[in-house]
> 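Quick one: this structure, given as structure tokens, is what I'll be asking you about.
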Amino acid sequence: MSVSPVLLAEDVEAGYEPGLPIVKGASIHVGRGEIVVVLGPNGAGKSTLIKAIAGLVPVSRGHIALNGEAITHRPAHLMVRLGLAFVPQTENIFATMTIEENLQLAGHVAPAAERTSRIEAMFALFPDLANRRRLAAGRLSGGQRQMLAVARALMIEPSVLMLDEPSAGLSPKLVGEVFAKLAEIRKTGVTILLVEQNARAALAIADRAYILADGRNRHEGSAAALAADPDIAAHYLGLGGADGPMRGIAP
Amino acid sequence: MSLQFLADGLFAGALIGLGAVGLTLTYSILRFSNFTHGDFISWGAYLTLAIVGGIAGVIAPAGRFMPFSFGWPLIVAGLLAMALTGLLALLLDSALFKPLRRTGHGIVMVIASFGASLALRALLEFLFTSEPAYFSRAIQIAVPLGLGIRVTPDQMAMMGLALVVVIAMHLLLTRTHIGRSMRAVSENPALARVVGIDVAAVIRATWLIGGALACVSGIMLGITVQIRPQMGFDLLLPLFAAAILGGIGSVWGAILGGLIVGIAEAAAVQWVGAEFRSAVAFVLLIAVLLIRPRGLFGVREG
Ligand SMILES: Nc1ncnc2c1ncn2[C@@H]1O[C@H](COP(=O)(O)OP(=O)(O)OP(=O)(O)O)[C@@H](O)[C@H]1O
Ligand SMILES: [Mg+2]
């Protein structure tokens, strides 16, 4: 790449226990305004890699930088102040709090004068949430929860938005809605790094993709090229056989 | 039939409820049963007593607000002691619980808190002896309220104080960033970090608030009964019963649990016999654990 990436992870080794790395030297970079997706089989270490970038899993080797600034061992709670937002794979909203409280909590890093206008902007972007603002978030449907999790992440007006399997557990129609929202969000200038099982839906909106297996880079390339490669499609993406784990939307 | 037990029970219940709020907060955020919470109550009472004594020694003894047994020195001392009890809790955390959090499991923390509880009590006995102490020896005339209920002015003032403190806690938890952060950490510490909450700062705030609330309970008990090094430890069972009855993590649940425990105890004293008082909290605790482990307003299963 000619321009320096917004997000860079080089030769990252990370894991939950000392001496037991799960991510074993993975490297990714995301350019400004790109949508990049990390694919790979279950247990490949995709979530661990994205959590390591978010500061939630200790990094034992390698280098992570955001907008040129090293963030390798930065505590997780400081990431939002640097413009890095993260939507975890599961339990990504506060179920006992109202929708509004979830957004208020996330908006705390914003200047006081802007908080309410940002919350209203989120309600405009996700009208489904607007008429439920006093509802406990735990009572939302799966799709609405995912929307709230994304809205919560956007409250900080991030430069980079990272999402771990936003399509998990959603019906094909809702997967389509979530991914359409992500494409819309990218148009506002937000860079997106996505971890997905749903290769078809992710590759449809992504610019580039990485395939991770056993904690290491296995393949990388443009989304179109990876989707078109029959070997890769059959091996990693579940796009090959008719009985593969295909759960994407039709293009 | 006298309804006096209702008045006595409501008062004891408010006191237990305030203590249980602190207990439920520290439990849901730090995830262990803190046995030193009772001793924070005793320390709060003695710290207030010591500061009142200090004020009386430095400035001439002040008058009291009739018809109450106390004057402005107690209010000043109470506020200072709330801060100091909070600091005591914070100090104990950084000296004992924080190092254990990094390595130990829940049960290690519980045992450590049990040991710390013994030490805190012994220290009080050493500093103040185990003789009961009093904020005031002024005689309080109980006011008849009808239906056979009589309440002292001090008791009424303390009920008012309890109400103010609970409403303040409610506003703190629902309207302020630190309050919402406390709820966030209690529900999901990892997600709390993701949204930018400094969990260590929230833990510090929790100790400060829990200690201050314990101090208020201690003052309520000290004003209306007496001050003893054991006073808080003796309250532990009712405190746990109230917190679990109300549902761990729920402020209103802890208050309601406290009122239920307090009234049940007072009813037992009036109709069964004073020796059964302490059995009541135990029976309630077991009954809740068997029938509805998450309590009345609990958010998580037992
Ligand atoms: N909190 C944890 N503590 C210990 N080990 C973990 C933890 N979370 C995940 N692992 C282990 O790390 C490995 C990789 O898990 P990870 O969640 O990163 O995979 P993934 O690629 O995201 O898989 P999936 O597609 O199923 O989400 C697995 O073997 C898993 O057992
Ligand atoms: Mg995963």
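Both backbone and side-chain heavy atoms feed into the values below; hydrogens, waters and symmetry mates do not. Residue numbers begin at 1 in each chain, while the letters A, B, ... track the order of the sequences. Just so we're clear, the structure is a prediction, and the values are computed from it rather than from any experiment.
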> Please flag which part of A/I93 lies under 4.5 Å from any non-hydrogen atom of chain B: side chain, backbone, both or neither.
backbone
> Which residues in residues 196-221 of chain B have a heavy atom less than 4.5 Å from any heavy atom of chain A?
B/G196, B/I197, B/D198
> Mind listing the closest non-hydrogen atom pair of B/R180 and A/M97 along with its distance?
O-CE, 3.2 Å
> Tell me which of these, A/A106, A/G138, A/A95, A/G55, has more heavy-atom pairs under 4.5 Å with chain B than the rest.
A/A95
> Assess whether atom CZ of A/R133 is packed by more than 12 heavy atoms of other residues, nucleotides or ligands within 6.0 Å.
yes
> What residues of residues 77-86 of chain A sit under 4.5 Å from chain B when only non-hydrogen atoms are counted?
A/H77, A/V80, A/R81, A/F86
> Do B/E187 side-chain atoms and A/T96 backbone N/O form a donor-acceptor pair below 3.5 Å?
yes
> Quick check: are there more than 12 heavy atoms from other residues, nucleotides or ligands sitting under 6.0 Å from CD of A/E91?
no
> Do B/L191 and A/R152 make a side-chain contact, defined as non-hydrogen atoms from C-beta onward lying under 4.5 Å apart?
yes
> Does the side chain of A/L105 reach to within under 4.5 Å of the side chain of B/H177, using non-hydrogen atoms?
yes
> Report, as yes or no, whether the 6.0 Å neighbourhood of atom NZ on B/K98 holds more than 12 heavy atoms from other residues, nucleotides or ligands.
no
> Using a 6.0 Å cut-off, check whether atom CZ of B/F282 has over 12 heavy atoms from anything other than its own residue.
no
